[in-house]
Structures are given as structure tokens and as C-alpha cells.
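Throughout, protein chains are lettered first and strands after them, A, B, ... in sequence-line order, and every chain is numbered starting at 1.
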Amino acid sequence: MISIAIEKKLKAYHGQQVLRIDKQFITGSITKIYGPSGSGKTTFLKLIAGLINPEKGTIIADGVTWFDTAAKVNLVTQKRNVGFVFQQYALFPNMTVRQHLEYATTDAQWIKRLLLLGKLETLQTHKPEYLSGGQQQRLAILRAMTTKPKLLLMDEPFSALDPKMKTELIAELKIILQELGTTTLIVSHNPYELDGWVDDEMVFE
Amino acid sequence: MDLSPIWLTLKLAGITTALLLFIGVPFAWWLSRGTSFFKIIIEAIITMPLVLPPSVLGFYLLLAFSPQHGLGKWLHDSFDVQFVFSFQGLILASVIYSMPFMVGPVKSALQQLPAALSEASYTLGKTPWQTFKSVLLPNIKPSLLTAIVLTFAHTLGEFGVVLMIGGNIPGVTRVASIAVYDSVEKMDYAAANNYSLILFSITFVLVIAVFVFNRYRAKSPLG
């Protein structure tokens with residue numbers, strides 16, 4: 001179980017607004033987060049990952065306190081074991097497909113399985129600039145999986161994939177997520193995307 | 001023609017550039033992270049050599065490291081190190097004087113990289129230092145090369161600061177720029193011309209090499 005009760009001030013076009021979240025996510029569940037642009041969806045994922053800090057509140061994951069303003073606890077990102085798929089991919093321009101995966105794991109079997117999952121096994125020596133948008137997005141997903149994260153945070157992770165690739169990838173990804181017991185949060189701007197695949201939904205206004 | 005000023009200049013520029021790679025690059029990284037007032041002050045101090053007359057910097061270094069008093073006396077008495085009128089003094093002055101040429105381009109390039117690159121690395125469990133080595137530094141290679149060449153070339157051209165702290169001791173502190181000045185003083189225009197032409201040629205080739213390298217990289221299919 002991941003329990004989040006936080007407050008974070010957001011800079012908005014019409015001044016400042018406060019993002020208030022009080023939500024529990026069951027371990028191993030997949031939750032879709034949707035809402036309009038600027039409603040704080042990406043900020044929410046970054047708050048959980050520890051890339052930015054809330055003004056106050058608590059984040060507790062499987063009994064471990066990641067963040068607690070009252071107790072002055074703030075676990076660094078590196079120790080939270082979260083996978084993060086960035087909306088703009090944030091791939092490393094200097095690394096090949098394989099090097100992206102080897103950067104975080106030495107498990108050759110796991111790398112092989114991830115490459116098969118993303119259908120990138122024939123592109124292992126390519127750098128991001130020589131990959132299509134869909135291939136880059138798949139690599140971003142695979143990279144986020146390298147550490148076998150307990151929590152996977154995905155920001156618009158399937159936006160560049162064609163429908164066939166998306167269906168196949170999601171089906172195979174779900175199997176792996178179940179094996180790992182990974183709790184997954186997926187941000188999407190489309191309220192109808194991923195219907196039938198997720199266990200829970202969260203709406204940002 | 002006495003080539004020792006040329007060799008001395010190349011040696012000084014090489015050592016200064018190597019030292020600044022080890023000092024300046026991590027320093028630029030530190031400066032690129034966050035914007036505290038303290039960092040602004042530090043950045044202003046290391047930028048001063050860009051706007052300060054070299055003779056002023058040289059004068060202060062001369063005062064600071066004079067073996068007669070203060071820091072210079074302590075270094076001389078405790079470690080038998082003398083920075084005034086010595087080659088190590090030239091290195092110290094050059095490192096300070098060329099610092100902004102290494103720190104500036106590297107810091108600027110690091111700040112232009114998307115923050116998400118570091119963030120992605122942190123989520124993979126990597127420390128800020130590992131991220132710097134494996135992700136940030138390899139992605140600012142052209143700027144790093146530019147900084148290296150600028151630092152080297154700038155050190156080749158030092159005059160005022162070197163003259164103030166090092167004087168004009170043949171084989172010890174008489175670098176090429178001072179040899180040019182010295183030759184002109186002695187009305188030996190042929191020697192001045194030779195030194196000048198060698199300095200000009202080395203610097204020009206270096207700058208051309210950077211332009212060619214950066215243009216090649218931009219078009220390289222190897223990425």
C-alpha cells in the first residue's frame with residue numbers, strides 16, 4: 001500500500017493554486033490519472049519520486065516513510081526504487097539502447113527480456129537520435145523497468161505508439177508488472193485511454 | 001633563435017589546462033546546481049580576471065605571495081615553496097587567470113541540458129556524481145573541448161599577470177609573450193616576429209580545430 005497525503009503550491013497562469021492529494025494505492029495495482037493540462041499530474045508523479053518536494057504531508061510506501069514534514073523525513077530519489085517514464089522520454093543522447101539498460105542493471109537476462117518486450121533487440125547499438133518517436137518511447141519504458149521498481153510512474157507513456165504496438169506492449173507489460181508486484185501510476189490526458197486495463201482511476205480537476 | 005620561451009609557454013599552458021580540467025570542471029558542475037547568493041559571489045570572483053587588468057591581478061598575487069610577509073612568507077618558511085618569480089607562480093597565476101575560460105562554457109553547457117536527464121538518472125539509483133560522470137559530462141563534449149582549447153590558447157597569450165608575478169627570467173618565467181616584448185625592447189624585430197608568428201600559428205590552428213571538430217560532430221552519423 002502506498003499512502004499519500006500532501007500539499008504542494010503550483011504556479012498557474014492565473015496565480016497560485018494548491019495541489020492537495022489524499023490517496024491510497026493498493027500494492028500491485030494500476031491506476032490511471034487523468035485531467036486537463038496544468039492540473040498538476042506530472043508534478044504529482046515528481047513529488048512521489050522525490051524529484052520535487054511538497055510543502056507538507058506524508059508519503060508512506062509499504063510501511064516505509066519516504067516523506068514526512070512533521071518528522072523531517074525525506075528519502076532521496078535514489079532510495080525510493082521508483083521507475084519513471086518521462087513525457088519527453090529524457091533519454092541519454094550519449095548512450096545506445098543497450099547502454100541505457102546496462103546503466104542501471106548488470107542482469108543480462110533481464111536486459112534481454114526488456115529488449116524483447118520493447119521490440120528493440122535489433123536496435124541495441126542505436127543512439128536515441130536514430131530511433132523513431134515510438135522506439136524512443138519504448139526505450140524510455142524499458143529503462144524505467146531496469147531496476148525492477150516497486151513503483152512505476154508513467155507520464156503519457158504510450159502517446160507515440162501505434163495502436164497495434166500499444167496493445168501488444170501493454171499486454172506484455174502487464175504480465176511483467178504482475179510478476180514484479182509493481183504498483184503503477186499512469187498519467188494520461190485521454191480519459192478513455194487504457195480502459196479495461198487499469199484497476200483504479202484518479203481525476204485531477 | 002632561442003626556442004625555450006615557446007617550450008615554456010606550451011608547458012605552462014598544458015599544465016594549466018590539465019589542472020583546470022580537474023578543478024574547473026567539477027567547480028562548474030557545482031556552480032550549475034542551484035542559485036544561492038554564495039554561489040553568485042563565488043562566480044563573480046572567478047569571473048573577475050575577465051574584466052580586471054591582468055596587471056592588477058598580478059599585483060595582488062605578487063603582494064599575496066611575496067616571501068617577505070604573510071601567506072608567501074608562511075609558504076616559504078614552512079614548505080620552501082616560492083610563488084614569486086618562479087614557474088610554479090606562473091602556474092598559480094595562470095590557473096586563476098584562465099579559470100573563467102574553463103568554468104564559463106562548461107557551466108553554461110551543463111545548465112542547458114534538460115533537468116530530466118539528471119532526474120532520470122536519479123530514479124535509476126545513480127548519485128549526482130555518477131550522473132555527472134556518465135550522463136552530463138559526455139553530453140557536453142563540444143563545450144568541454146571549446147573550454148579546453150580556450151583555456152590553453154588564453155594561457156598562451158598571457159602577458160601582464162605573468163610579467164608581474166614571474167618577471168623575465170630566461171628558462172624559468174620568460175614565456176613567449178614576454179620574449180616578444182623583450183625582443184621589441186631590444187629592437188630585435190626579427191626575433192619578436194618569429195615568436196609572434198609561432199604563437200599566432202599555434203592559436204589559429206587550435207581554434208580552427210575546434211570549429212572543424214564541432215561542425216563534424218553536428219553532422220556525424222555516428223552521433
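When heavy atoms are compared at a cutoff of 4.5 Å, A:Leu91 approaches chain B solely by way of its backbone atoms N, CA, C and O. Using a 4.5 Å cut-off between heavy atoms, A:Arg143 touches chain B through backbone and side chain atoms alike. Heavy atoms of A:Thr146 lying under 4.5 Å from chain B belong exclusively to its side chain. Using a 4.5 Å cut-off between heavy atoms, A:Lys79 does not touch chain B at all.
When the heavy atoms of residues 87-98 of chain B are compared with those of chain A, none of the residues falls under 4.5 Å. Contacts between residues 100-126 of chain A and chain B, counted as heavy-atom pairs separated by less than 4.5 Å, involve A:Tyr103, A:Ala104. Applying a 4.5 Å heavy-atom cutoff, the residues of residues 99-132 of chain B that approach chain A are B:Ala116, B:Leu117, B:Glu119, B:Ala120, B:Ser121, B:Tyr122, B:Thr123, B:Leu124, B:Gly125, B:Lys126, B:Thr127, B:Pro128, B:Gln130, B:Thr131.
Other residues, nucleotides and ligands contribute over 12 non-hydrogen atoms within 6.0 Å of the CZ atom of B:Phe159. When the shell of 6.0 Å around CD1 of A:Ile26 is examined, it contains 12 or fewer heavy atoms from other residues, nucleotides or ligands. Heavy-atom neighbours of A:Met1 CE from other residues, nucleotides or ligands within 6.0 Å: above the threshold of 12. Enclosure of atom OH in B:Tyr181 is not indicated, since only 12 or fewer non-hydrogen atoms of other residues, nucleotides or ligands lie within 6.0 angstrom. Heavy-atom contacts from other residues, nucleotides or ligands closer than 6.0 Å to CH2 of B:Trp7 number 12 or fewer. In the displayed structure, A:Lys9 atom NZ is contacted under 6.0 Å by at most 12 heavy atoms of other residues, nucleotides or ligands.
With sequence neighbours excluded, no residue forms a ring pair (Phe, Tyr, Trp, His ring centres under 6.0 Å) with B:Phe211.
No side-chain donor-acceptor contact under 3.5 Å links B:Asn139 to the backbone of A:Phe92.
Note that the CG atom of A:Asn94 and the CD1 atom of B:Ile140 stand 11.0 Å from one another [nearest 0.5 Å].
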